[in-house]
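Everything on this sheet refers to the single structure shown next.
Side chains included, hydrogens not; waters and symmetry mates left out as well; all remaining heavy atoms used.
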Amino acid sequence: MRIGTGYDVHQLAEGLPLWLGGVLVPHTHGLVGHSDADVLLHAICDALLGAAALDDIGKHLPDTDPQYKDTLSISIDQVSVKATTTEHLGFEGRMEGISAQAIALIV
């Protein structure tokens, strides 16, 4: 049994799509990034890779490779999200960006 953690941050910008956990969230702002900029999926990937003692997501899916730009296919019933307002503190509270953290247990 192994445990891994993952953490990701992306900046918010007006007029971009907001993808969280593979779900398009209706919002005026979205996340800046080469791929889907999905902080939740990126944190989950890093948690799984960490638990498997593999390199991080940037090594396996580099943001310089065009094949990873804007690609994702997942159904809504495969996603569960817990969120917080951070009491309007920090960059998240100021709506400058979004962070996500994940913990993965693999057997």
Side-chain angles (χ1 to χ4, degrees):
M1 192 174 347
R2 297 180 57 92
I3 297 174
T5 62
Y7 179 74
D8 194 34
V9 174
H10 281 276
Q11 180 182 359
L12 278 167
E14 192 170 359
L16 294 176
L18 177 57
W19 289 97
L20 292 175
V23 175
L24 182 59
V25 178
H27 201 282
T28 59
H29 289 68
L31 297 172
V32 177
H34 171 76
S35 64
D36 52 23
D38 189 325
V39 295
L40 179 55
L41 287 182
H42 297 178
I44 291 168
C45 285
D46 267 341
L48 288 167
L49 290 167
L54 299 171
D55 291 317
D56 71 9
I57 190 173
K59 171 88 178 202
H60 295 280
L61 307 167
D63 65 4
T64 55
D65 190 331
Q67 75 174 325
Y68 302 119
K69 182 164 177 55
D70 300 328
T71 61
L72 181 66
S73 179
I74 190 171
S75 66
I76 196 164
D77 64 341
Q78 295 174 294
V79 179
S80 177
V81 177
K82 173 75 173 125
T84 181
T85 64
T86 68
E87 300 299 327
H88 306 288
L89 298 173
F91 68 89
E92 296 107 334
R94 293 188 301 270
M95 289 190 55
E96 297 170 356
I98 294 178
S99 67
Q101 57 184 325
I103 300 169
L105 172 68
I106 61 173
V107 179

Check whether V25 and I98 end up in the same hydrophobic cluster, where Ile, Leu, Val, Met, Phe, Trp and Tyr are linked by side-chain heavy atoms less than 4.5 Å apart.
yes
Testing the basics here: between A47 and A102, what is the closest heavy-atom pair and its distance to 0.1 Å?
CB-O, 3.6 Å
Which of these, L61, D46, L49, sits in a side-chain contact (heavy atoms from CB on, under 4.5 Å) with D56?
D46
Contact between M1 and L105 at the side-chain level, heavy atoms closer than 4.5 Å - yes or no?
yes
Heavy atoms of V32 and A13 approach each other most closely as CG2-CB, 3.6 Å
Evaluate L18 against L31 for side chain to side chain contact (heavy atoms under 4.5 Å, CB included), listing each step before the verdict.
CA-CA 6 Å; L18 177 57; L31 297 172; 3.7 Å; yes
Rounded to the nearest 0.5 Å, what separation is found between the CD atom of Q101 and the CG atom of L40?
11.0 Å
Kindly give the heavy-atom pair with the smallest separation between A37 and H10, and that separation in Å.
O-CD2, 3.6 Å
I103, CD1 atom: more than 12 neighbouring heavy atoms under 6.0 Å
no
V39 vs V9, test: side chain to side chain contact (heavy atoms under 4.5 Å, CB included). Steps then yes/no.
CA-CA 6 Å; V39 295; V9 174; 5.7 Å; no
D8 side chain vs A100 backbone, donor-acceptor pair below 3.5 Å
no
From CD (E14) to NE2 (H27), nearest 0.5 Å
10.5 Å
Say you draw a straight line from CD of E92 to CG of L12; how long is it, rounded to the nearest 0.5 Å?
9.5 Å
Kindly compute the distance separating CG (L89) from CZ (R94), expressed to the nearest 0.5 Å.
9.0 Å
Ignoring hydrogens, what is the shortest heavy-atom contact between S99 and F91? Give both atom names and the distance.
CB-CZ, 4.0 Å
Begin from the C-alpha positions of E87 and T85 and carry the test side chain to side chain contact (heavy atoms under 4.5 Å, CB included) through to its verdict.
CA-CA 5 Å; E87 300 299 327; T85 64; 4.3 Å; yes
Does either side chain, that of H42 or that of D36, offer a donor lying less than 3.5 Å from an acceptor on the other one?
yes
